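Notes to accompany the following structure.
Quantities reported herein were computed from a predicted structural model and do not represent experimental measurements. Heads up: numbering here begins at 1 and tracks the sequence.
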Amino acid sequence: MILAVLFVFLSSLSINPGPTDYYVCPSGSDKANGTAAKPWKTLEYAFDKIQNVEGDVRLIVMDGEYYPSKALVLSGIKGRNISIEAAPGAKPLIRGDRVIKRFKPLKNKRILKVSLTGLGIKDLGSACEKATLTDLYWRGERQRIASYPDEGFLISGEAKGSTEVDDITKKEGIFTYKEDIIDSWADEKDAWIYAYFRWDWRDDYGKVASIDPRTKTITLEEPWHNYGYKDGFKFRVVNILHGLDSPGEYYIDRENGMLYWYPPQGYVPGDEVALSVMGSEFMMEVADCENVKVEGLTFVGGRRSAVGVSGSKGVSICGVKAFRFGSDALHVDSSYDVKIEKCHFGTLGHSGIRLTGGDRKTLSPSGYVVDNTIVENISLFRHTYEPSVFFDGCGLVVSHCEFSKCPSSAMRLDGSEVLVEYNYFHDLVQESDDQGGIDVFYDYSFRGLVIRYNFWENIKGGSLHGAAGVRFYDMISGQLVYGNIFNNVGAINFGCVQIHGGKDNVVDNNVFYNCNIGVSFSPWEQWLWDQALTRPAVVKKLYEDVDINGDLYQSRYPDLAKDIHANVNRNVVINNLMIGCGRMFLNDRGQNYMKNNHGISIGENPVMESLEYYLDPKVLKSFGLSPIPFREIGMEGRKPLDL
C-alpha cells in the first residue's frame with residue numbers, strides 16, 4: 001500500500017513539474033537562452049518567447065530600467081499558468097519616457113531648451129489631446145504646459161455663436177475676452193483654451209482657430225463643447241510660448257522640434273528630466289488569456305495607459321506601480337476573476353483604474369477585486385469625470401484602499417452588486433462642482449451597492465451646488481450607506497450623503513463629525529419622476545439593458561416589486577450620529593423615513609467632543625448605534641483611524 005501511494009505521488013510530480021523559469025536583465029542578451037546565468041536583454045523579446053513556450057512559465061524580471069519599443073503583449077494563452085514577476089528584492093522599472101540630460105540656456109538663462117528631433121524623438125504628440133499627450137516630468141513631478149494665467153481662471157466675455165442651445169448658451173465656440181495681453185497671442189501656432197465652458201462640473205479643451213485683437217474675439221476649431229458656451233465662463237489659455245514665464249512650465253514647438261522649459265526652484269543640472277514618448281494604448285497588455293500573474297513591476301512615463309487586461313480570466317495584478325501616464329494606470333475589460341492588490345497608481349492625467357465586466361442582465365458577477373491599493377494625484381489634465389475607479393457592469397469589491405488628491409470624484413459606479421468597504425477617501429472634489437467622492441448616476445436599475453465602513457475626510461469643493469462624500473444622482477435608488485465615518489465633508493448645499501431624485505436608499509449607523517450637512521436631498525416633483533420614466537433612454541435602461549420586472553430582478557431586489565411611481569423621494573435615514581455639523585438635514589420635505597438620528601453641538605468639552613470619543617462602542621451604543629470597526633479601515637500599515 002505504501003509503495004502504491006509513493007508511486008502515485010512520484011507520478012504526480014512528473015506530470016506537474018512546476019513552471020519553467022526564464023530571466024530578463026538589461027545587461028543580458030537576446031541571443032542568450034534566458035536562464036539565470038544567461039538572461040535575455042529586452043522585455044519585447046522575452047514576451048515573444050514565452051508566448052509560445054509549452055507548460056507553465058515564470059518570467060523573472062531582474063533589476064534595472066527597461067525601455068520597450070513596443071507594447072508588451074500576452075495573447076491567447078490558455079491552459080497554463082504565466083507569471084511575470086520581479087526578481088526577489090528587485091524593483092524593475094519599465095519606462096515609456098525619454099530622459100533628457102543636456103539642456104542649453106536661452107539668453108536670459110532662466111529658460112532652457114533642447115532639440116527633441118536632435119535627440120531622435122520624431123513623434124512629438126500633442127499638447128491637449130488625450131490619445132497623444134506628451135508630458136514633461138522633473139524628479140517625477142509633472143510640469144505644466146505654458147499657460148495664462150498660471151493659476152485660477154479668466155472670465156470670458158460674451159458668447160458670440162449664432163445658434164442658440166438654450167436661453168444662455170450658444171453652440172459655436174466663439175467668444176470675446178477682456179484682457180489686452182491676449183491681443184499679442186494672435187500668432188501663436190498651437191494655442192488651446194481650457195475651460196468650464198457651460199457647467200462647473202464639466203471641463204474641456206478647445207483648439208484656437210483664431211484670435212482677433214480688433215474685436216477681442218477667440219474662435220475655436222470644431223468639434224465644439226457638447227454643452228455649448230455661455231457668457232462669463234471660466235477659462236485659461238494653454239500651450240502658448242508667450243505664457244512661458246513661471247517655474248515649472250514648458251512649451252514644445254512642434255513645428256521646429258524644440259522643447260523650452262522654465263525649471264522649478266531647486267533644479268540642478270543632472271536632475272532627471274523626462275519626456276513621455278511611448279504612444280501605444282498600453283505598455284503591457286493581457287488579451288484573451290487565462291491564469292496570468294503580474295507582480296512587482298513598475299511602469300512609468302507613457303502617453304496613454306500602463307496595463308490593459310481584456311477578455312481574460314484569472315488574472316492577478318499584485319504589487320504593480322504605475323506613475324506618470326497621460327491617460328490611466330489600468331484598464332480591465334470583459335474579463336472574469338481579476339484581482340488588483342497592493343498596487344500604487346499616481347500622477348495620472350486622467351483616471352486611475354477603469355473596469356468593465358460582468359453581466360447586469362443576468363446579474364453574473366465579474367469577480368473583480370481591488371484591494372489594498374493606493375490611487376492618488378490623478379485627473380491632472382482633465383479635471384472632471386476621471387475618477388480613481390470607474391466601474392461599469394456587475395460584481396465588484398473595493399476594500400482597504402486609499403483614494404486621494406483629485407479635483408473630482410474618487411469613484412464612478414455604473415452598475416450593480418458593488419461592495420465598497422474599509423477604504424480611506426480624502427482630499428477629493430478639489431475643483432469641480434456638483435460631485436461626490438463616490439458618484440452614481442441616472443439609472444434606476446442600478447442595485448446592490450453597499451458602501452460600508454469607510455472613512456471620508458476633507459471633501460469640501462464645489463462652486464455652485466457643492467461637494468458630497470456619497471452622491472446618488474438622478475433616480476439612483478435602493479442603495480445602502482452603512483457604518484461610515486465622515487469628517488469635514490460636504491460643502492454649500494451638499495451633505496456627506498447627497499440624494500438627488502432617488503428613493504428607497506438607506507443611510508444607517510453612520511457618524512458625521514464636523515461636517516457641513518449630514519444628509520442633503522434634492523427632491524424631484526412627481527411629474528418629473530413620471531416623465532423621466534417615459535424617456536426612451538430610461539425605458540431602455542430599465543427594460544432592455546436589464547428587465548426590472550423580470551423574476552430575477554424582482555426576487556433579488558424586493559424594492560422593485562413596489563409601484564415604481566409611488567413614494568418618490570422616500571428614503572430611510574436612521575440611527576445616525578451628527579456631531580458639530582452645520583445642519584443635520586437639508587431639503588427633507590417630510591417624505592423620508594427618519595428615526596433615531598442625533599445632532600450634537602460641540603465647542604465646550606474638548607475631551608468629550610473628539611471623534612475618538614464618539615467612536616467608542618459604548619458611546620455609540622448609548623445613542624442606539626452599532627459598533628463601527630474603525631481600526632480596520634484603510635490599507636495594511638496605513639490606518640487613518642489609529643486613534
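The shortest heavy-atom contact between Cys406 and Glu386 is SG-O, 4.2 Å. Summarising the geometry of Asp474 relative to Trp524, their closest heavy-atom pair is OD1-CZ2, 3.3 Å, with the distance given to 0.1 Å. Listed here is the closest heavy atom pair of Leu348 and Asp328: CD2-C, 4.3 Å. Closest approach of Tyr251 to Ala146, counting heavy atoms only: CB-CB, 4.4 Å. In plain terms, the two heavy atoms of Lys207 and Lys189 that are nearest each other are NZ-O, 4.0 Å.
Side chain to side chain, His465 and Asn493 fail the donor-acceptor criterion of an N or O pair below 3.5 Å. For His426 and Glu402, the side-chain atoms include at least one donor-acceptor pair closer than 3.5 Å. Side-chain contact, Ser351 with Arg412: no donor N or O sits under 3.5 Å from an acceptor N or O. A side-chain donor from one of Asp203 and Tyr194 sits under 3.5 Å from a side-chain acceptor of the other. Side-chain atoms of Ser522 and Gln498 form a donor-acceptor pair, as typed in the model, at a separation below 3.5 Å.
Aromatic rings of Phe381 and Tyr205 (six-membered ring for Trp) have centroids within the 6.0 Å cut-off, being under it. Aromatic ring centroids of Tyr137 and Phe323 lie 6.0 Å or more apart. Checked against the 6.0 Å centroid threshold, Phe235 and Phe175 count as a close aromatic pair. In this structure, Phe425 has its ring center under 6.0 Å from that of Phe403.
The backbone N or O of Ser162 lies less than 3.5 Å from no partner atom in the side chain of Glu164, so there is not a single donor-acceptor pair. Asn571 contributes a side-chain N or O that, together with a main-chain N or O of Gly502, makes up a donor-acceptor pair within less than 3.5 Å. Under the 3.5 Å distance criterion, the side-chain polar atoms of His383 are left unmatched by any main-chain donor or acceptor of Ser408. Checked by atom type and distance alone, the side chain of Asp253 never pairs as donor or acceptor with a backbone atom of Met258 at under 3.5 Å. Distance alone, capped at 3.5 Å, is enough to place a donor-acceptor pair between the Ser156 side chain and the Phe233 backbone. A donor-acceptor pair is defined here as one N or O able to donate and one able to accept, closer than 3.5 Å; such a pair exists between the side chain of Glu172 and the backbone of Thr163. Panel note: side chain Gln479, backbone Ser477; a donor-acceptor pair is recorded below 3.5 Å. Side-chain atoms of Ser280 never come within 3.5 Å of backbone atoms of Lys70 as a donor-acceptor pair (strictly under, hydrogens ignored). In this structure, the side chain of Trp456 does not engage the main chain of Ala468 through any donor-acceptor pair within 3.5 Å. The main-chain N or O of Tyr442 is found under 3.5 Å from a side-chain atom of Lys541 such that the two form a donor-acceptor pair.
One finds no salt bridge joining Arg360 and Asp545 here, because no Lys/Arg side-chain nitrogen approaches an Asp/Glu carboxylate oxygen to under 4.0 Å. Comment: Asp231 does not engage Lys170 in a salt bridge, judged by the lack of any side-chain N to carboxylate O separation of less than 4.0 angstrom. A salt bridge is absent between Asp150 and Arg236; no separation between the charged side-chain nitrogens and carboxylate oxygens falls under 4.0 Å. A salt bridge does not link Asp183 with Arg214: none of the charged nitrogens is closer than 4.0 Å to a carboxylate oxygen. Contact check on Glu544 versus Lys361 returns no salt bridge, with no Lys/Arg side-chain nitrogen under 4.0 Å from an Asp/Glu carboxylate oxygen.
Counting only heavy atoms from C-beta outward, the side chains of Asn505 and Val481 never approach each other to under 4.5 Å.
Tyr473 is linked by a side chain to side chain donor-acceptor pair (under 3.5 Å) to nothing, counting only residues two or more places apart in sequence or in another chain. Qualifying side chain to side chain donor-acceptor pair (under 3.5 Å) partners for Arg202, counting only residues two or more places apart in sequence or in other chains: none.
Note that OG1 of Thr132 and CZ of Arg304 are 8.5 Å apart. Values are rounded to the nearest 0.5 Å.
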